[in-house]
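Let me begin by presenting the structure, written as structure tokens, before commenting on it.
Just so you know, these numbers use all the heavy atoms, side chains as well, and skip hydrogens, waters and symmetry mates. As the structure lists them, so they are numbered: ligands from 1, and atoms in each ligand from 1.
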Amino acid sequence: MPASLFTPYKLNDTLTLNNRILMAPLTRCMADDDLVPTQTMADYYARRADAGLIISEATIIRPDGQGYVNTPGLYTQAQVDGWKVVTKAVHDKGGKIFAQLWHTGRVAHPFFFGEGNGEVLSASNIGIEGTIPRNRELMYQQPKAATGEDITQLVADYATAADNALKAGFDGVEIHGANGYLIDQFLHYSCNNRTDEYGESPENMARFAIEVVDGIVAKIGHERTAIRLSPGAYFNMEPDSRDRAVFDYLLKQLESRQLAFIHLGIFDDAMEFDYLDGKASAYLRKHYNQTLVGVGSYTAETGNKAIEANEFDLLAIGRAFIANPDYVSKVRRGEELTAYDDAMLAELV
Ligand code: FNR
Ligand code: 8K6
């Protein structure tokens with residue numbers, strides 16, 4: 001039994017976690033056609049309530065943020081009511097749950113939100129190649145560069161979604177600033193060629209992320225606000241060595257916000273990035289001195305070692321939690337885990 005993982009962790013004066021294992025956010029594409037969470041989803045999350053903290057699957061803040069089929073939202077009353085069932089089920093079993101707030105930016109597609117109900121927005125009008133997973137016939141579109149007015153509205157909509165999250169009973173929110181989606185699109189040079197106050201320099205490129213953070217903190221408080229970041233570009237995104245300065249600046253700014261935590265966004269933390277001088281988790285640890293969540297192809301054993309070596313404070317587990325609803329109790333008892341397989345994505349077990 002990896003001891004450190006099972007010690008409680010005080011995030012701040014408002015939140016203490018029973019253990020250091022987080023369920024990573026995992027998109028499952030199982031909300032109903034109004035993007036309302038279902039009872040099946042509530043049961044799925046409740047089965048995992050012994051995680052120190054569950055981060056919900058990415059949840060869109062408004063219709064034009066949708067890039068995949070049947071991903072849940074947090075902008076209608078029905079969606080808030082659906083999430084209430086989920087959060088109550090988790091709380092009834094002694095768990096805690098944050099909502100991950102998502103706008104996919106240039107990865108969105110009007111197929112989901114309807115032509116005429118918005119445009120595909122990004123930092124700049126730079127598209128990505130290819131087609132949407134599970135909807136292979138849909139080519140990604142060239143996005144429109146968000147105007148100043150669009151940005152003001154987006155910041156307001158993130159804050160409203162955070163407010164809705166608390167109304168739905170979530171313990172807090174994790175802003176999805178990672179994995180090549182909207183916020184991340186402002187943070188990397190390969191997709192931000194703006195020449196206004198949101199482009200060209202680290203201060204400007206970090207501005208949108210910081211405005212979203214500050215808007216949410218003003219609504220729900222810093223102790224219930226967290227952010228996920230991918231300083232290393234690896235998904236729907238090209239790396240650029242100049243990105244380093246953007247994250248150096250952003251992390252300094254975030255320290256003064258006293259957030260609940262920063263969560264690395266990556267699939268395999270063994271990946272090394274030239275411009276970060278190595279692993280993304282090591283880069284974050286060096287440039288940010290508050291609570292850090294590590295993730296990315298760790299086992300309980302390797303994650304526990306990393307916590308003991310002070311590489312990060314909390315461990316998020318993704319795929320193994322899909323395969324093992326009872327992940328925490330299995331690890332606690334030293335029982336063998338069921339291996340993850342992509343075929344498991346077809347069903348909420
Ligand atoms: C993910 N991941 C992910 N990340 C995120 O920030 N929001 C999301 O909604 C999702 N959705 C998602 C779905 C599926 C099916 C997978 C496999 C992954 C990434 C996830 O949170 C995590 O970072 C990775 O899975 C790496 O952790 P593991 O699986 O190696 O423990
Ligand atoms: C795999 C189908 C899941 C439905 C959409 C989920 C979208 C979230 C992204 C997770 C998909 C996993 C892809 C792994 C990319 C690894 C990059 C190194």
Side-chain angles (χ1 to χ4, degrees), residues 5 20-31 35 37 41 44-45 48 51-61 65-74 97-105 107-108 132-134 173-185 187 226-237 261-271 279-281 284 292-304 306-307 312 314-325 327-328 330-331 337-349:
L5 281 180
R20 296 183 186 219
I21 302 172
L22 269 63
M23 176 178 169
L26 295 160
T27 291
R28 300 304 308 270
C29 302
M30 299 277 185
L35 311 188
M41 286 166 61
Y44 156 88
Y45 282 112
R48 291 157 173 84
L53 179 66
I54 294 172
I55 312 293
S56 80
E57 62 203 278
T59 298
I60 56 173
I61 61 159
Q66 190 177 356
Y68 306 88
V69 71
N70 293 104
T71 52
L74 255 172
I97 181 166
F98 273 32
Q100 193 188 47
L101 301 184
W102 198 25
H103 189 299
T104 64
V107 181
I132 292 174
R134 295 204 192 173
V173 305
E174 175 178 285
I175 300 162
H176 197 341
N179 297 352
Y181 297 114
L182 180 64
I183 292 173
D184 208 20
Q185 289 159 26
L187 296 172
I227 190 165
R228 193 169 211 198
L229 295 172
S230 296
Y234 75 101
F235 186 56
N236 283 338
M237 186 84 88
F261 54 83
I262 287 185
H263 183 180
L264 171 62
I266 202 151
F267 275 74
D268 184 354
D269 193 29
M271 263 180 103
K279 286 164 44 162
S281 60
L284 287 178
L292 177 64
V293 181
V295 72
S297 304
Y298 284 95
T299 62
E301 287 71 28
T302 59
N304 192 66
I307 287 175
F312 43 78
L314 301 165
L315 172 68
I317 293 289
R319 286 161 287 191
F321 248 122
I322 293 176
N324 302 271
Y327 179 83
V328 172
K330 275 186 175 168
V331 169
L337 296 171
T338 303
Y340 168 82
D341 187 298
D342 284 339
M344 294 172 177
L345 294 177
E347 231 187 316
L348 282 183
V349 176

Say whether [X], considering both its backbone and side-chain N or O atoms, lies within less than 3.5 Å of an N or O atom on ligand 1.
| X | result |
| --- | --- |
| Ala58 | yes |
| Gly318 | yes |
| Tyr340 | no |
| Val295 | no |
| His176 | yes |
| Glu174 | no |
| Ala24 | no |

Those atoms of ligand 1 less than 4.0 Å from some heavy atom in [X]:
| X | value |
| --- | --- |
| Arg228 | 4 (N), 5 (C), 6 (O), 20 (C), 21 (O), 22 (C), 23 (O) |
| Gln100 | 5 (C), 6 (O), 7 (N), 8 (C), 9 (O) |
| Arg319 | 17 (C), 25 (O), 26 (C), 28 (P), 29 (O), 30 (O), 31 (O) |
| Thr27 | 8 (C), 9 (O), 10 (C), 11 (N), 12 (C), 13 (C), 15 (C) |
| Asn179 | 4 (N), 5 (C), 6 (O) |
| Ser297 | 28 (P), 30 (O) |
| Ile317 | 31 (O) |

Are the side chain of Ser230 and the backbone of Asn179 linked by a donor-acceptor contact shorter than 3.5 Å?
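Yes; at least one donor-acceptor contact below 3.5 Å.
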
For the pair Gln66 (side chain) and Ala108 (backbone), establish whether a donor and an acceptor sit closer than 3.5 Å, ignoring hydrogens and angles.
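Here the side-chain-to-backbone pair does not exist.
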
Could you walk me through whether Ile266 and Lys279 pass the side chain to side chain contact (heavy atoms under 4.5 Å, CB included) check?
CA-CA 10 Å; Ile266 202 151; Lys279 286 164 44 162; over 6 Å; no

So is Ala178 close enough to ligand 1, meaning a heavy atom under 4.0 angstrom away?
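In this structure, Ala178 fails to qualify as a contact of ligand 1 - no heavy atom is under 4.0 Å.
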
Consider side-chain contact (heavy atoms from CB on, under 4.5 Å). Of Leu264, Ile183, Leu187, Asp184, which one does Leu229 pass it with?
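The side-chain contact (heavy atoms from CB on, under 4.5 Å) with Leu229 is passed solely by Leu187 among Leu264, Ile183, Leu187, Asp184.
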
Report the distance from atom CH2 of Trp102 to atom CZ of Arg228, rounding to the nearest 0.5 Å.
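It comes to 12.0 Å.
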
Using 0.5 Å steps for rounding, measure from the CD1 atom of Ile227 to the CD atom of Gln100.
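Rounded to the nearest 0.5 Å, the CD1-CD separation comes out at 10.5 Å.
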
Under 3.5 Å, is there a donor on one side chain and an acceptor on the other for [X] and [Y]?
| X | Y | result |
| --- | --- | --- |
| Glu57 | Tyr45 | yes |
| Asn236 | Tyr234 | no |
| Ser281 | Asp269 | yes |

So do the side chains of Arg28 and Tyr44 get within less than 4.5 Å of each other, counting heavy atoms only?
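Side chain of Arg28 against side chain of Tyr44, heavy atoms only: contact under 4.5 Å found.
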
Answer with side chain, backbone, both or neither: which part of Arg28 has a heavy atom less than 4.0 angstrom from an atom of ligand 1?
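For Arg28, no heavy atom sits under 4.0 Å from ligand 1.
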
Contact partition for Ile266 relative to ligand 1, non-hydrogen atoms under 4.0 Å:
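Just the backbone.
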
Can you name the residues that form a ring pair (Phe, Tyr, Trp, His ring centres under 6.0 Å) with Phe98, not counting sequence neighbours?
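Here the qualifying residues are Phe261.
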
